There are 2 protein chains.
Amino acid sequence: MKSPTELTEAFRANGLKVTPQRQLLFRLMHGNTMHPTADALFSEASAQMPGISLRTVYQTLTDLASMGELRLIDVGAGAVRFDPNVDDHHHVVCQACGDVRDVYVAGSQQLRIDGLDGFAVDSTSILFHGSCAKCA
Amino acid sequence: MKSPTELTEAFRANGLKVTPQRQLLFRLMHGNTMHPTADALFSEASAQMPGISLRTVYQTLTDLASMGELRLIDVGAGAVRFDPNVDDHHHVVCQACGDVRDVYVAGSQQLRIDGLDGFAVDSTSILFHGSCAKCA
DNA sequence: GTGCTAGTTAGCAATCAATGCAGATTAGCA
DNA sequence: TGCTAATCTGCATTGATTGCTAACTAGCAC
Ligand SMILES: [Mn+2]
Ligand SMILES: [Mn+2]
Ligand SMILES: [Zn+2]
Ligand SMILES: [Zn+2]
């Protein structure tokens, strides 16, 4: 994801307004490695800006996603998570505490896929399930 | 997933009763390669047994899953899908029509995972996104 | 076969995540 | 400074799933 300053320009360039709510979310997401849910971000945002609405959080995250600045991660349980890391990477999720961490996977282009049968593959998501160091 | 006959025995052996509703669902799921949602199964079941409840479909599928007879597949959109194929396999999902197909992946044990950082991996799910032959 | 009872079913309420909607508000520009 | 399209908030609604409970029944004992 771009920096808050760059996002400010990018939003204006797209005819989108830069509001205090959006600026706050730019800051909360920039460099965030927690893979937070919308609700988790809403809590953080509310601490700094009481009165901000969950609806606005969803809206801004959706805008950022459709601009390609965020990825949505579905770990198969609970709410979708938002990821400012748009590099080619994958995830490990702790079955116990739900923590999600970035992993970089080598060899994913060498996978032999049997049974494709006319299917054209655009992208691949690999999800590793396990337990983190704390929950070991 | 075991055959309906084997499941009948397995359920009784676990102190679970074998009802007509469950037997119907055993039959509908056995060998089913559609990766249906609970609601899709409910529709099929209702055609053969009017009055069966969606609640019972969910309950039976959950029972089968906790006996290890079914896998739950989350393709990141809409409802969870149920899979009687418990072999080691993965999935392709068509972005256009939502169809899910089994794929068998060689080389998934050779993946080099960077950034694990104390995380112990138990299992891996690979989801390929693309378009099926029909939606090409 | 009859009766008992623990387990099951159906139906509906409740929850959770996410989106739809509309009136009040405001960023950005002239 | 004023205009207006875009945004925000708060609330209603949807969709998937789970919780709850009274009525029902499979499976077992007699
Ligand atoms: Mn990530
Ligand atoms: Mn499958
Ligand atoms: Zn953990
Ligand atoms: Zn398709």
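Just the heavy atoms: all of them, side chains too, but no hydrogens, waters or symmetry mates, feed the values below. In what follows, every chain begins at residue 1, and chains take the letters A, B, ... in the order their sequences are listed. Please read these numbers as outputs of a predicted model, since none were measured by experiment.
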Length of the line joining A:Asn14:CG and D:dA5:P, which is rounded to integer Å: 19 Å

Value in whole Å for how far the P atom of D:dC8 lies from OH of A:Tyr58: 16 Å

Hydrophobic cluster identity match, A:Met49 and A:Phe11, side-chain contacts under 4.5 Å: yes

ILVMFWY network linking A:Leu61 to A:Leu72, side-chain heavy atoms under 4.5 angstrom: yes

Strand contacts (DNA chain D) in residues 37-54 of chain A, 4.0 angstrom heavy-atom criterion: A:Gly51, A:Ile52, A:Ser53

Shared hydrophobic cluster for A:Ile126 and A:Val100 (ILVMFWY, side-chain gaps under 4.5 Å): no

Those residues that, when tested against A:Arg101, pass side chain to side chain contact (heavy atoms under 4.5 Å, CB included) (two or more places apart): A:Val92, B:Asp117, B:Phe119

Distance in angstrom units between B:Arg55 CZ and C:dG11 P, rounded: 13 Å

Between N or O atoms, less than 3.5 Å apart, protein on one side and nucleotides 21-24 of chain D on the other: list the pairs.
none

Atom pair NE2 (A:His89) and CG (B:Asp114), whose distance is rounded to the nearest 0.5 Å: 12.5 Å

Pairwise distance OG1(A:Thr62) to CZ(A:Phe82) - rounded to 0.5 angstrom: 5.5 Å

A:Ile73 side, atom CD1; A:Arg81 side, atom CZ - distance, nearest 0.5 Å: 9.5 Å

Nearest-0.5 Å distance that lies between atom CE in B:Met29 and atom CG in B:Leu25: 9.0 Å

Nearest non-hydrogen partners of A:Ala136 and A:Ser131, listed with the distance: CA-OG, 4.2 Å

List, with names and distances, any nitrogen or oxygen atoms from the protein found under 3.5 Å away from nitrogen or oxygen atoms belonging to nucleotides 28-30 of chain D.
none

Near-strand residues of residues 15-30 of chain A, defined as heavy-atom separation under 4.0 angstrom from DNA chain D: A:Leu16, A:Lys17, A:Thr19, A:Gln21, A:Arg22

A:Leu72 CG to C:dA17 P, straight-line distance once rounded to whole Å: 15 Å

From B:Thr124 atom OG1 to A:His90 atom NE2, the distance as rounded to the nearest 0.5 Å: 11.5 Å

Evaluation steps, side chain to side chain donor-acceptor pair (under 3.5 Å), between A:His129 and B:Ser125: CA-CA 8 Å; A:His129 310 266; B:Ser125 341; 2.6 Å; yes

Within 6.0 angstrom of A:Met67 CE, more than 12 heavy atoms from elsewhere: yes

Working for side chain to side chain donor-acceptor pair (under 3.5 Å), residues A:Asp83 and A:His91: CA-CA 11 Å; A:Asp83 191 351; A:His91 298 93; 3.0 Å; yes

Gap separating the CD atom of B:Gln59 from the OG atom of B:Ser53, nearest 0.5 angstrom: 7.5 Å

Chi angles and distances behind the salt bridge (Lys or Arg N to Asp or Glu O under 4.0 Å) call for B:Arg22, B:Asp63: CA-CA 10 Å; B:Arg22 284 176 177 178; B:Asp63 289 343; 3.2 Å; yes

Dump the pairs, protein N or O against N or O of nucleotides 1-4 of chain C, anything under 3.5 Å, distances to one decimal.
none

